[in-house]
Amino acid sequence: MTIRTKIILGLLAILTICLIALYGLFKLYQHEKEERKRYNNNMIALIEDKSRQQALTLNELKKLYPKYDSLAKILNIKTKNITDIVETRYRFKDSILTSTILKKDSISEKAYFTLTEKCYKFSGFIKKDSISFTNKEFKDNLTTFLYKDWEKKYLWGLLKFKPYYTSKVYSECMQDTITVINNITIKK
């Protein structure tokens, strides 16, 4: 080999290394650009609009919302399998007048009442022979977990079958789960 071919091969090797490094830097730049966009959307969601969807990593979820992590542990859901969390506030108000007949002559005149508890509020009045409800309010916070689960079938403990996505809804007032009838995912 002549010195000229050695120089050309050396320059080609240096050029190849530079192109590989440039490609790696470009991929790193794209990843950082996506992360910056995600952080920006999360900040907008936190500051301006709570209902806007946030994209968080597991560590960010545990730091920003430790309530969800501890709630998932109570419901026996592994945090790494959760795909979405939706918290819902449920309020129900009924102002239709309803009456119930009481024992005669138990109360001599009309008495107003308001019964307020953590999850509900009733108000109305009691007359001589009946109790009437003028206002009924119910409120609850519902947290929905969408997560990946596997069928409980194993092949001698070696294989897990195809995963599926399911959900659980937790009610703070009932301190229990609510059954989900349909869990539909729309694929594009």
Side-chain angles (χ1 to χ4, degrees), residues 38 41-103 106 111-126 130-188:
R38 185 179 68 86
N41 286 338
N42 288 345
M43 291 304 293
I44 291 169
L46 288 171
I47 295 170
E48 294 177 3
D49 188 9
K50 284 286 193 178
S51 65
R52 187 172 178 176
Q53 189 175 34
Q54 300 176 46
L56 301 174
T57 63
L58 283 177
N59 290 333
E60 290 171 339
L61 176 71
K62 289 178 182 181
K63 285 180 188 174
L64 295 174
Y65 301 104
K67 167 184 162 184
Y68 296 140
D69 186 42
S70 61
L71 194 54
K73 287 177 184 172
I74 291 171
L75 297 173
N76 293 325
I77 301 171
K78 292 182 180 177
T79 311
K80 68 179 182 180
N81 295 334
I82 296 173
T83 57
D84 292 279
I85 298 174
V86 179
E87 185 171 354
T88 307
R89 178 161 286 125
Y90 168 74
R91 291 179 187 253
F92 172 79
K93 185 174 183 177
D94 182 8
S95 58
I96 297 173
L97 182 67
T98 55
S99 297
T100 305
I101 296 175
L102 299 174
K103 203 163 137 188
S106 60
Y112 290 93
F113 70 90
T114 299
L115 174 64
T116 304
E117 292 292 329
K118 178 183 173 190
C119 299
Y120 57 85
K121 178 181 176 183
F122 293 126
S123 60
F125 57 89
I126 300 173
S130 67
I131 180 170
S132 300
F133 295 99
T134 57
N135 189 17
K136 295 172 254 180
E137 290 183 45
F138 302 93
K139 55 185 174 184
D140 195 359
N141 287 332
L142 305 175
T143 304
T144 305
F145 290 93
L146 304 172
Y147 62 97
K148 187 172 18 174
D149 202 358
W150 288 266
E151 293 179 15
K152 301 299 181 217
K153 298 176 184 175
Y154 296 93
L155 182 61
W156 298 293
L158 300 174
L159 298 174
K160 289 184 182 178
F161 291 97
K162 185 178 179 182
Y164 62 94
Y165 290 90
T166 188
S167 63
K168 284 187 183 179
V169 179
Y170 180 78
S171 167
E172 284 186 18
C173 286
M174 294 189 305
Q175 294 186 346
D176 198 4
T177 57
I178 298 171
T179 304
V180 177
I181 304 299
N182 287 319
N183 181 6
I184 301 170
T185 302
I186 308 296
K187 293 186 178 184
K188 294 184 180 187

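Atom CG of Asp176 is separated from atom CG of Leu75 by 9.0 Å, given to the nearest 0.5 angstrom. Lys62 NZ to Thr57 OG1: the interatomic distance, rounded to the nearest 0.5 Å, is 10.0 Å. Taking CD1 from Ile77 and CG from Leu146, the interatomic distance works out to 9.5 Å, rounded to the nearest 0.5 Å.
Residues forming a side-chain hydrogen bond (donor to acceptor under 3.5 Å, both in side chains) with Tyr68 (at least two apart in sequence, or on another chain): Glu87. For Lys73, the salt bridge (Lys or Arg N to Asp or Glu O under 4.0 Å) partners are Asp69, not counting sequence neighbours. Applying the salt bridge (Lys or Arg N to Asp or Glu O under 4.0 Å) test to Lys80 and every residue at least two apart in sequence or in another chain returns nothing.
Between the side chain of Thr114 and the backbone N or O of Ser123 there is no donor-acceptor pair closer than 3.5 Å. Of the possible donor and acceptor atoms, none in the side chain of Asn141 sits under 3.5 Å from a partner among the backbone N and O of Glu172.
Here the closest heavy-atom approach between residue Asp140 and residue Cys173 is recorded as OD1-N, 3.0 Å. Considering all non-hydrogen atoms of both residues, Lys168 and Tyr147 come closest at CE-OH, 3.2 Å. Scanning both residues, Leu58 and Thr79, for their nearest heavy atoms gives CD2-O, 3.3 Å.
Tyr112 places none of its side-chain heavy atoms less than 4.5 Å from the side chain of Thr134. For the pair Glu137 and Phe122, the minimum side-chain heavy-atom distance is 4.5 Å or more.
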query: Between Tyr65 and Ile85, is a side chain to side chain contact (heavy atoms under 4.5 Å, CB included) present by the stated rule, with each step listed?
result: CA-CA 11 Å; Tyr65 301 104; Ile85 298 174; over 6 Å; no
